[in-house]
Amino acid sequence: MNYSIPADVPKEMHDVFVKNMDRMTCGSGKLFLFAGDQKVEHLNNDFVGPDVSTDDADPEHLFRIASQSNIGVFAAQLGLIARYAPTYPNVPYLIKLNAKSDLIKTDQKDPYSATWTRVEDVVQFKDQSGLQVVGVGYTIFPGSEFESQMYAEAAEHIFDAHQHGLVSVIWAYPRGKAVTNERDPHLIAGVAGIAASMGADFVKVNPPQRDGKISADLLKETVAAAGNTKVICAGGASTNVKQFLQTLYDQIHIAGCAGNATGRNIHQKSLSDAVNFCNAIYALTVEGKTVDEAMNIYTDQRHDN
Amino acid sequence: MNYSIPADVPKEMHDVFVKNMDRMTCGSGKLFLFAGDQKVEHLNNDFVGPDVSTDDADPEHLFRIASQSNIGVFAAQLGLIARYAPTYPNVPYLIKLNAKSDLIKTDQKDPYSATWTRVEDVVQFKDQSGLQVVGVGYTIFPGSEFESQMYAEAAEHIFDAHQHGLVSVIWAYPRGKAVTNERDPHLIAGVAGIAASMGADFVKVNPPQRDGKISADLLKETVAAAGNTKVICAGGASTNVKQFLQTLYDQIHIAGCAGNATGRNIHQKSLSDAVNFCNAIYALTVEGKTVDEAMNIYTDQRHDN
Amino acid sequence: MNYSIPADVPKEMHDVFVKNMDRMTCGSGKLFLFAGDQKVEHLNNDFVGPDVSTDDADPEHLFRIASQSNIGVFAAQLGLIARYAPTYPNVPYLIKLNAKSDLIKTDQKDPYSATWTRVEDVVQFKDQSGLQVVGVGYTIFPGSEFESQMYAEAAEHIFDAHQHGLVSVIWAYPRGKAVTNERDPHLIAGVAGIAASMGADFVKVNPPQRDGKISADLLKETVAAAGNTKVICAGGASTNVKQFLQTLYDQIHIAGCAGNATGRNIHQKSLSDAVNFCNAIYALTVEGKTVDEAMNIYTDQRHDN
Amino acid sequence: MNYSIPADVPKEMHDVFVKNMDRMTCGSGKLFLFAGDQKVEHLNNDFVGPDVSTDDADPEHLFRIASQSNIGVFAAQLGLIARYAPTYPNVPYLIKLNAKSDLIKTDQKDPYSATWTRVEDVVQFKDQSGLQVVGVGYTIFPGSEFESQMYAEAAEHIFDAHQHGLVSVIWAYPRGKAVTNERDPHLIAGVAGIAASMGADFVKVNPPQRDGKISADLLKETVAAAGNTKVICAGGASTNVKQFLQTLYDQIHIAGCAGNATGRNIHQKSLSDAVNFCNAIYALTVEGKTVDEAMNIYTDQRHDN
Amino acid sequence: MNYSIPADVPKEMHDVFVKNMDRMTCGSGKLFLFAGDQKVEHLNNDFVGPDVSTDDADPEHLFRIASQSNIGVFAAQLGLIARYAPTYPNVPYLIKLNAKSDLIKTDQKDPYSATWTRVEDVVQFKDQSGLQVVGVGYTIFPGSEFESQMYAEAAEHIFDAHQHGLVSVIWAYPRGKAVTNERDPHLIAGVAGIAASMGADFVKVNPPQRDGKISADLLKETVAAAGNTKVICAGGASTNVKQFLQTLYDQIHIAGCAGNATGRNIHQKSLSDAVNFCNAIYALTVEGKTVDEAMNIYTDQRHDN
């Protein structure tokens with residue numbers, strides 16, 4: 001596929017960038033990002049519980065899913081990837097460069113998530129290991145009293161990533177005492193614009209809400225504001241598979257999103273269900289399948305197991 | 001044109017500096033800077049709304065205007081420029097080195113806008129891409145509790161820019177709990193003097209006010225205080241085209257300004273109106289046309305479309 | 001033994017890493033870490049007192065124990081090791097990279113423990129001295145307002161350690177105004193997951209409690225959450241030797257821990273008792289002995305002395 | 001003249017250091033420093049007003065004075081010097097390395113003035129431009145909550161300056177919530193001692209006061225405490241020329257000062273008056289003239305004009 | 001003398017380290033450190049006053065004493081040493097790497113003393129000047145909210161010093177809002193242990209007190225806790241020479257201290273008294289003389305003058 005290659009990717013890295021973008025989007029330009037960075041962000045809250053498969057207690061579960069199913073890219077911290085990737089070398093990886101826990105709430109202190117890993121180290125890691133490291137990610141919290149520091153780090157990382165032909169994804173979540181509604185559609189459009197101004201290839205936002213409800217229409221302003229930075233978001237809190245897939249479908253076909261980023265809704269399932277679910281999301285996102293077709297993939301494979 | 005070349009531009013870079021200054025001012029010494037950095041500074045507030053053209057929802061609108069009209073230079077963050085410049089290589093670009101959102105108000109925390117991009121990376125970007133990168137910009141907030149950090153960054157960037165023959169522009173806005181009147185003429189003269197002490201080639205100030213009203217006379221102290229650092233400012237909040245042009249004209253011909261920096265008043269218009277408006281501003285600023293002549297350019301071209 | 005070698009250990013360092021892991025775990029994969037970093041963490045509180053052997057007043061006591069008994073590795077700050085290691089070159093050393101005192105309580109300021117020694121200096125120290133420096137350690141305080149800075153330092157150190165084939169151990173203690181129960185089993189599982197996400201080879205946690213009581217069962221969530229990052233913890237506050245050994249045994253055989261880290265319970269004993277105690281812990285941890293067998297080692301050797 | 005050359009000036013730089021000291025003190029060992037850094041420190045307050053010559057509105061006024069009169073050295077920020085020095089290459093320049101505005105008062109936040117320019121860049125600037133850059137200056141605010149950071153920067157700059165044979169001047173002003181009397185003679189002696197401990201060649205202090213009145217006697221403790229670091233100070237708030245000259249004379253001949261640093265009292269005058277005033281100060285400071293002789297120089301030249 | 005050489009002194013620097021240790025302790029292993037860093041720490045308070053010799057007003061007094069008397073080493077900031085050492089090249093110097101004034105009290109802000117001079121610059125200074133620079137010193141304030149930063153700097157400096165064969169001395173003063181009794185013997189033992197953990201060769205502590213009184217017995221815990229890091233302390237506030245010498249004697253012969261660090265008690269005397277007093281302290285500390293013998297040295301030499 002023809003991608004618009006940003007001007008901070010040097011000419012001799014164009015092929016690498018296109019190859020990485022092709023690998024992440026499977027040649028479709030649409031991204032299904034499987035997010036596996038929650039062990040820091042949410043500690044163990046996402047991995048145990050009454051509605052969570054016991055498979056999910058073990059971090060290797062994430063890698064088993066990523067390896068056995070169709071996904072665009074699996075995102076996690078370099079350290080976690082380093083521990084499992086030798087066993088799962090077929091997975092395309094995206095290194096999440098910063099992380100923080102959710103132990104400190106905003107009313108105590110506004111969020112700051114510092115850089116764990118510099119792009120230079122990602123490149124060294126990629127070259128040494130021969131792993132398929134195709135991109136990097138970084139979370140910004142616009143509205144935090146520390147936003148300026150995070151913007152500076154993010155912009156530098158994106159430039160450095162592009163210098164090496166790596167794809168960049170910004171997680172953009174408005175948060176802090178100054179933010180009264182994190183899901184406000186206009187505000188989410190604004191933070192997508194910040195990511196675009198940083199030169200991000202993709203921006204991951206939370207689905208905007210009006211009166212507590214999400215809707216693909218609410219994403220249109222965001223997709224417009226992001227310009228040629230592609231917007232991805234998750235399916236929201238719903239755990240009903242069909243409704244989840246419908247939401248993703250609408251995000252792509254109504255709002256113009258370029259895919260999605262999903263974590264908990266995948267890995268809280270048993271391995272087989274998670275694999276089927278990934279395959280369904282992949283079919284819908286990357287292969288252009290309908291909700292019913294994707295649902296059938298999820299259901300049929302379940303019966304096959 | 002003969003420019004006074006600052007002594008921190010090395011001799012072997014004099015030609016580059018003059019060429020960049022010529023490109024920015026079209027050989028006139030007068031600068032029309034089209035500002036496109038608001039997607040961070042104001043999030044999406046400037047780009048949608050009842051009085052805003054729907055063209056403006058897409059960031060590419062900025063580049064279309066910059067490419068199709070007469071301007072001195074288009075200013076934005078490196079990341080945004082990197083994403084669109086390959087399609088619009090004819091535009092002269094100025095890299096805005098720092099940025100922050102307006103989510104945090106001064107009564108919560110005084111403003112600090114950190115460096116996103118170092119001059120060294122700008123130079124690498126310029127050399128790799130072959131784009132017309134002619135200068136860099138940085139915003140200082142005198143009166144902020146963090147002013148000292150921003151002054152230090154700005155002074156370093158200007159020195160580094162001059163080392164590479166790049167032109168430097170300082171956005172100087174008094175802001176913070178210690179500042180009771182951001183538009184005070186004497187205070188604005190003071191911050192222009194700070195920019196001069198940093199060695200800036202241009203300083204962008206907000207039009208000073210007395211009793212809530214702007215006037216070119218109020219700028220005279222600023223123009224004097226800036227010395228051979230050239231002063232540019234915007235036309236204020238007015239959206240009446242003729243009044244806007246008259247204000248710019250007076251700033252040049254009464255106050256001695258060396259041009260202007262305009263953003264919202266341009267890009268909130270439809271593409272054709274924005275192009276015409278740019279051409280009018282350019283004629284007035286760079287070509288020395290009268291307000292009526294400039295107004296005709298705006299009106300005639302509208303009719304032609 | 002076959003270890004899973006993290007992907008950030010370069011291929012040419014695989015042998016070094018395996019050798020270091022073998023040395024630390026004596027080929028068993030199980031670690032008995034003798035912690036000697038309390039002179040900073042607790043000042044002199046652990047080293048004098050009615051129930052503390054007078055042997056413990058002298059820091060050399062730590063090295064005498066480490067040298068004369070069976071241990072996996074002795075952990076302390078580089079400076080202390082540098083002062084005694086020339087006399088005790090047979091000890092395998094782990095450099096603790098950060099440290100702080102306990103003088104500032106959490107209600108005054110959340111904890112931050114800065115890096116004293118970079119991995120680069122550890123490697124230089126190892127190469128110059130010829131000492132058996134096999135790994136590095138770093139303490140994080142999840143829930144501190146400064147957690148982000150410590151995470152960033154820890155992740156960087158682990159990457160750098162792996163680059164040189166050194167083994168990494170994270171001390172992970174939830175602490176700060178946001179933490180209401182530092183011994184909560186679910187929270188401790190969470191911080192073990194953070195260490196795993198950093199790529200740590202071992203994570204040292206405090207034994208979780210329910211209703212003020214520890215139990216090996218409470219560690220199971222932690223061991224699962226840590227994945228292939230091995231969990232070690234101490235035997236708690238008990239000073240009854242048999243009960244202490246039983247706790248360690250249960251941590252290994254019920255919870256799946258990969259060993260333990262013990263400090264005060266060792267060095268507060270006289271030299272001969274401490275040596276015997278180490279030998280007992282070693283037998284239980286590394287050699288797979290039962291509690292009774294280990295207890296006999298402790299008792300018999302006491303009688304021999 | 002024979003100067004005591006500090007030991008951190010390398011032997012191969014002795015000649016450069018002596019030459020710079022000779023240039024600054026015109027071979028006399030006495031320094032008349034013309035201070036031109038107020039455009040940042042006081043914004044435009046010093047440059048316009050009922051008692052200020054209109055000449056002073058333009059920053060070039062400073063350079064005209066410096067070029068046309070007898071002075072030891074002209075001190076300002078690198079950026080300002082860079083903009084005018086090509087026109088005034090005959091002036092000996094001292095680069096002020098840090099600067100801050102006076103917008104933030106001490107009751108809001110204690111002062112911190114960050115480094116704008118590193119000595120390394122000063123040296124590069126000097127070598128590239130061929131200008132007479134003879135020294136560097138830095139302001140410390142002892143008593144500020146941020147004093148430690150400024151001390152560290154100052155000490156490093158002085159060492160670096162001496163490494164390159166540059167002369168160093170410390171502006172030392174006690175300031176901050178902890179300082180109840182900025183003009184206390186004993187406190188001023190103390191801060192002169194700090195500058196000496198940093199290795200400064202000159203320390204600029206404000207004239208100490210007792211009961212609101214200055215007196216040369218009050219400076220004696222300061223001159224003693226500074227040792228072979230030479231003390232310079234201004235003539236105080238007086239604008240009566242003769243009284244001003246008498247004060248400077250007493251500072252040299254009673255207190256043992258090695259000259260003075262004057263800014264506003266010079267540049268607020270018209271160009272011709274300012275030039276005459278400089279010549280008078282120079283005669284008194286460098287040439288050892290009496291107050292009456294210096295006064296005649298000021299008066300005669302006025303009549304000549 | 002045979003010293004235990006820390007393992008972070010590279011083998012090729014063993015001779016340099018031994019030579020420096022020999023120079024500092026005059027081959028005795030006992031250190032008499034003459035402290036001359038108070039011009040920053042206490043401003044001019046120690047140098048003028050009713051009980052202070054007028055000789056002390058001039059900083060050169062410190063160097064005259066150091067040059068004319070028997071001492072182990074003279075400690076001050078690099079800058080001050082640089083200004084006088086060319087005249088006093090026979091003095092062995094120790095560079096104090098950090099410093100702060102006492103203007104900010106603990107109830108306003110906890111103490112932080114930043115690094116003025118890096119070891120790398122000390123080494124360059126030593127090599128360029130040919131001066132006898134034998135060691136470095138750094139002050140830590142355990143219990144300060146900023147302790148972590150100071151620990152990190154101190155540990156790095158000691159490592160760097162040892163890399164170049166320089167001897168390291170830590171000034172360790174518990175201080176901050178968390179510290180209720182800075183002279184508590186157990187706490188002072190604790191901070192000595194911190195210095196040992198950093199690898200310091202010497203730790204300077206204030207003499208511990210119980211019920212407001214010092215006693216050599218109270219130092220025993222400290223000397224034990226410091227291990228092979230040698231403890232030095234001052235003679236306390238007493239200005240009675242004989243009592244002062246008795247205190248030092250007891251610190252060595254009862255508590256096991258390895259010498260002392262004295263400042264004010266020396267330099268507040270006239271030059272001849274100060275020289276005699278140094279000779280007395282030296283005889284007692286380094287030559288193993290009794291209090292009476294040392295007292296005679298002080299008294300006889302006085303009569304000789």
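In what follows, every chain begins at residue 1, and chains take the letters A, B, ... in the order their sequences are listed.
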Legend entry - B:H267 ring center within less than 6.0 Å of B:F47 ring center: yes
Inset, instruction - Side chain from CB out, backbone as N, CA, C, O: work out which of these in B:V40 comes under 4.5 Å of a heavy atom of chain A, or both, or neither. - result: both
Legend entry - Pairs of heavy atoms under 4.5 Å with chain A: top-ranked of B:H42, B:Q77, B:K39, B:R83: B:R83
Legend entry - chain A contact via B:Q124 - side chain, backbone, both or neither, heavy atoms under 4.5 Å: side chain
Inset, instruction - Flag the pair A:M198 / A:F159 as yes when at least one side-chain heavy-atom distance between them is below 4.5 Å, and no otherwise. - result: no
Inset, instruction - Count the heavy-atom pairs under 4.5 Å between each of A:A226, A:G227, A:A225 and chain B, then report the option with the highest count. - result: A:A225
Legend entry - chain A contacts, top residue of B:Y84, B:W116, B:Y112 (heavy-atom pairs, under 4.5 Å): B:W116
Legend entry - Lys/Arg N to Asp/Glu carboxylate O, A:D160 vs A:R118, below 4.0 Å: no
Inset, instruction - Give a yes-or-no answer on whether the side chains of B:T115 and B:N98 include a donor-acceptor pair shorter than 3.5 Å. - result: no
Legend entry - Side chain / backbone / both / neither for A:Q163 at chain B, heavy atoms under 4.5 Å: side chain
Inset, instruction - Please examine the side chains of B:N70 and B:C278, heavy atoms only from C-beta on, and report whether any two atoms are closer than 4.5 Å. - result: no
Inset, instruction - Decide side chain to side chain contact (heavy atoms under 4.5 Å, CB included) for B:V169 and B:V203; before the verdict, give the C-alpha distance in whole Å, the side-chain angles of both, and the deciding distance to 0.1 Å. - result: CA-CA 6 Å; B:V169 181; B:V203 58; over 6 Å; no
Inset, instruction - Could you check which of A:I158, A:V179, A:D8, A:L187 has the highest count of heavy-atom pairs closer than 4.5 Å to chain B? - result: A:D8
Inset, instruction - Indicate, with yes or no, if the rings of B:F74 and B:F63 have centres closer together than 6.0 Å. - result: yes
Legend entry - Any donor-acceptor N or O pair under 3.5 Å, side chains B:Y173, B:K204: yes
Legend entry - Portion of A:E147 that has a non-hydrogen atom of chain B nearer than 4.5 angstrom: side chain
Inset, instruction - May I ask you to decide if the ring planes of B:H162 and B:F17 are parallel, tilted or perpendicular, using 30° and 60° as cut-offs? - result: perpendicular
Legend entry - Residue-level interface, residues 51-61 of chain B with chain A, non-hydrogen cut-off under 4.5 Å: B:A57, B:D58, B:P59
Legend entry - Selection from B:S101, B:P86, B:G130, B:A114 maximising heavy-atom pairs under 4.5 Å formed with chain A: B:S101
Legend entry - Identified salt bridge (Lys or Arg N to Asp or Glu O under 4.0 Å) counterpart of A:D110 within the set A:K105, A:K177, A:K100: A:K177
Legend entry - Option that, when pairs with chain B are counted at under 4.5 Å, heavy atom only, ranks first among A:V191, A:T222, A:T229: A:T229
Inset, instruction - Just give me the residue among A:S197, A:G190, A:P142, A:A200 that pairs up with chain B most often, heavy atom to heavy atom, under 4.5 Å. - result: A:S197
Legend entry - Shortest non-hydrogen contact between A:F146 and A:K109, atoms and distance: CZ-CE, 3.7 Å
